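A short write-up of the structure that comes next.
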Amino acid sequence: MIQPQILHITLLGATGSIGSSTLDVVSRHPERYKIYALTANTSVDEMVQLCQQWQPRYAVMSDADAASGLRSRLAATDSRVEVLSGEAGLLQVVNDEAVNCVVAAIVGAAGLVPTLAAAEAGKRVLLANKEALVMSGKLFIDTARANGAILMPVDSEHNAIFQCMPDSLTQHHSSVKMINQQDSAGIERILLTASGGPFRSWSAEQLHDVTPAQAVNHPNWDMGKKISVDSATLMNKGLELIEAYWLFDMDIANIDVVIHPQSVIHSMVTYSDGSVLAQLGNPDMRTPIAHALAWPERIASGVEPLNIFDVAKLDFERPDLSRFPCLRLCYEAIKRGGSATIVLNAANELAVAAFLDEKIGFNDIAAVIQQTLDSADITEDVSSLENILEADAEARKISNECILAMHSSSRV
Ligand code: NAD
Ligand code: MG
């Protein structure tokens with residue numbers, strides 16, 4: 001039997017929800033996966049523990065203070081982990097020749113530079129950081145393709161779509177190589193499922209008073225705070241629509257968002273012969289992570305198979321764009337093109353952070369995004385990282401002003 005190639009992994013965002021699910025899957029297959037580098041923002045305590053457990057070659061913290069904190073804590077142990085910091089540290093552990101797999105699980109725009117670098121270095125890239133793809137779109141896909149990267153979607157919906165694609169497209173290729181071959185494969189539509197979040201049936205008035213604690217309490221999935229709020233506003237589904245557009249080269253008019261409260265079907269693909277293929281499973285990110293790690297093989301993930309008799313019932317409905325305007329804004333931004341999705345993403349990040357800080361209300365998130373999109377210069381040329389980062393920085397300035405104005409008017 002041919003032994004699978006050992007994956008030497010750089011895990012970006014090791015202390016997060018996806019990070020810990022990845023480590024859980026990896027721990028079940030020590031003969032297949034080795035942790036080469038772990039990265040985190042500033043959580044020194046958690047990284048001390050992870051470094052002791054995993055003994056990676058490198059650990060990377062976002063800033064020099066956190067790095068020196070980690071270094072001195074590890075010096076008191078017998079650890080030989082080398083601690084790096086900042087963007088240079090991230091780029092070093094992504095580009096390192098000893099690494100053949102990068103798990104991109106940093107949240108938000110902060111993940112863009114290292115994730116894009118992983119594509120450029122031709123690694124196997126497990127993409128959870130959807131914001132990186134929303135910001136860089138064509139540049140990311142072109143870079144991955146030009147450098148022979150294997151791009152595996154980790155987001156449960158995109159992983160499900162990948163699984164529902166025909167073997168003729170996926171067998172020897174990653175998702176980036178499917179592009180332009182769908183006509184002959186008979187693929188007609190993508191049905192992107194959404195749980196609808198915790199406020200699926202709430203009225204606009206009720207949504208006005210949503211608190212951060214209510215918004216981060218997702219009914220089906222256990223996730224980081226930012227994506228939990230995004231799920232509550234349906235921004236997450238909008239970002240995923242943009243993600244599907246780029247990953248599968250699918251016209252936005254051929255992607256339907258389907259509210260499916262049970263979160264059992266993780267997405268579907270419709271074919272020209274009338275077949276609709278779906279991927280089902282318990283809502284646990286270890287399944288798509290295991291799939292993306294092992295593909296084209298299958299490995300145990302620790303997730304129990306779905307008990308179809310317990311599920312009993314599957315519901316589907318259309319999303320309500322008036323109560324959930326963030327999803328509408330995503331449709332508009334992808335149609336507008338150019339830097340619109342970069343502006344939308346930046347405004348959303350700041351608005352969500354301000355909502356979690358109790359500076360603005362739940363419905364203000366969409367208002368901040370709308371105002372930022374209305375005021376920002378939408379540029380057409382987003383073909384370079386420099387232009388993308390510039391559009392992101394400008395949008396952040398505008399959103400900040402918007403949030404300040406809303407916050408001060410709510411206090412008078
Ligand atoms: P999280 O908040 O739990 O973890 C985020 C990780 O990124 C942490 O390790 C944190 O230290 C690191 N990080 C945060 N800011 C950083 C910065 N400025 N620089 C460097 N590192 C930084 O988030 P999560 O829920 O694990 O989500 C991670 C990504 O995966 C997001 O893009 C999210 O949309 C996507 N995703 C998550 C899930 C899920 O179930 N959690 C599902 C699908 C996709
Ligand atoms: Mg998802």
Side-chain angles (χ1 to χ4, degrees), residues 1-40 43 45-60 79-81 93-94 96 98-107 115 118 123-129 150-163 170 174-175 218 220-224 227 263-264 266 279-308 310:
M1 199 182 105
I2 302 169
Q3 293 300 319
Q5 181 195 22
I6 294 177
L7 291 188
H8 297 273
I9 299 172
T10 281
L11 173 51
L12 304 172
T15 54
S17 160
I18 294 289
S20 62
S21 293
T22 303
L23 291 173
D24 183 280
V25 177
V26 165
S27 70
R28 294 164 194 274
H29 306 278
E31 72 296 349
R32 295 180 71 121
Y33 306 114
K34 308 281 174 215
I35 295 295
Y36 189 75
L38 296 173
T39 88
S43 32
D45 287 348
E46 279 174 81
M47 279 296 267
V48 169
Q49 199 259 321
L50 289 181
C51 286
Q52 284 180 322
Q53 185 182 349
W54 289 95
Q55 295 295 334
R57 171 82 179 79
Y58 293 104
V60 186
S79 160
R80 300 233 294 264
V81 180
V93 298
V94 162
D96 197 314
V99 170
N100 50 10
C101 175
V102 174
V103 179
I106 291 176
V107 59
T115 305
K123 311 286 186 189
R124 184 183 186 104
V125 183
L126 270 62
L127 183 73
N129 181 203
I150 295 178
L151 180 55
M152 295 300 298
V154 166
D155 213 344
S156 57
E157 296 75 6
H158 306 76
N159 184 268
I161 294 162
F162 184 94
Q163 294 198 45
T170 60
S174 64
S175 58
H218 195 277
N220 305 343
W221 296 93
D222 182 11
M223 309 181 286
I227 184 175
S263 297
V264 161
H266 299 307
Q279 187 260 352
L280 286 74
N282 282 312
D284 186 320
M285 289 307 292
R286 290 176 300 173
T287 296
I289 290 167
H291 173 268
L293 278 170
W295 176 86
E297 295 173 41
R298 298 263 178 184
I299 54 168
S301 66
V303 180
E304 288 294 310
L306 183 71
N307 183 330
I308 207 84
D310 286 349

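Remember, it's a predicted structure, so these values are computed and weren't measured experimentally. Any value given below was found using the heavy atoms of this structure, including those in side chains, with hydrogens, waters and symmetry copies removed.
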Measure the shortest side-chain to side-chain distance between [X] and [Y] over non-hydrogen atoms and say whether it is less than 4.5 angstrom.
{"X": "Leu23", "Y": "Ile35", "answer": "yes"}
{"X": "Ile9", "Y": "Leu293", "answer": "yes"}
{"X": "Val25", "Y": "Ile299", "answer": "yes"}

Can you tell me how far apart [atom1] ([X]) and [atom2] ([Y]) are? Round to the nearest 0.5 Å.
{"X": "Asn159", "Y": "Trp295", "atom1": "CG", "atom2": "CH2", "answer": "11.5 Å"}
{"X": "Trp221", "Y": "Ser17", "atom1": "CH2", "atom2": "OG", "answer": "10.0 Å"}
{"X": "Leu50", "Y": "Leu38", "atom1": "CG", "atom2": "CG", "answer": "6.0 Å"}
{"X": "Asp155", "Y": "Ile18", "atom1": "CG", "atom2": "CD1", "answer": "7.5 Å"}

Val103, Val94, Asn129 screened by side-chain contact (heavy atoms from CB on, under 4.5 Å) with Leu12, the one that passes
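It is Val94, the one option of Val103, Val94, Asn129 that forms the side-chain contact (heavy atoms from CB on, under 4.5 Å) with Leu12.
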Which residue pairs pass the salt bridge (Lys or Arg N to Asp or Glu O under 4.0 Å) test with at least one member in residues 281-291, sequence neighbours excluded?
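Sorted pair list: Asp24-Arg286, Asp284-Arg286.
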Shortest non-hydrogen separation from Ala105 to Gly19 and the atoms involved
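Distance-wise, the nearest heavy atoms are CB-N, 4.4 Å.
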How would you list, by chain and number, every residue that makes a salt bridge (charged side-chain N to carboxylate O under 4.0 Å, His left out) with Asp45, sequence neighbours excluded?
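Checked Asp45 against salt bridge (charged side-chain N to carboxylate O under 4.0 Å, His left out); matches are Arg73.
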Counterpart residues, side-chain hydrogen bond (donor to acceptor under 3.5 Å, both in side chains), relative to His218 (two or more places apart):
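For His218, the residues satisfying side-chain hydrogen bond (donor to acceptor under 3.5 Å, both in side chains) (neighbours in sequence not counted) are Ser195.
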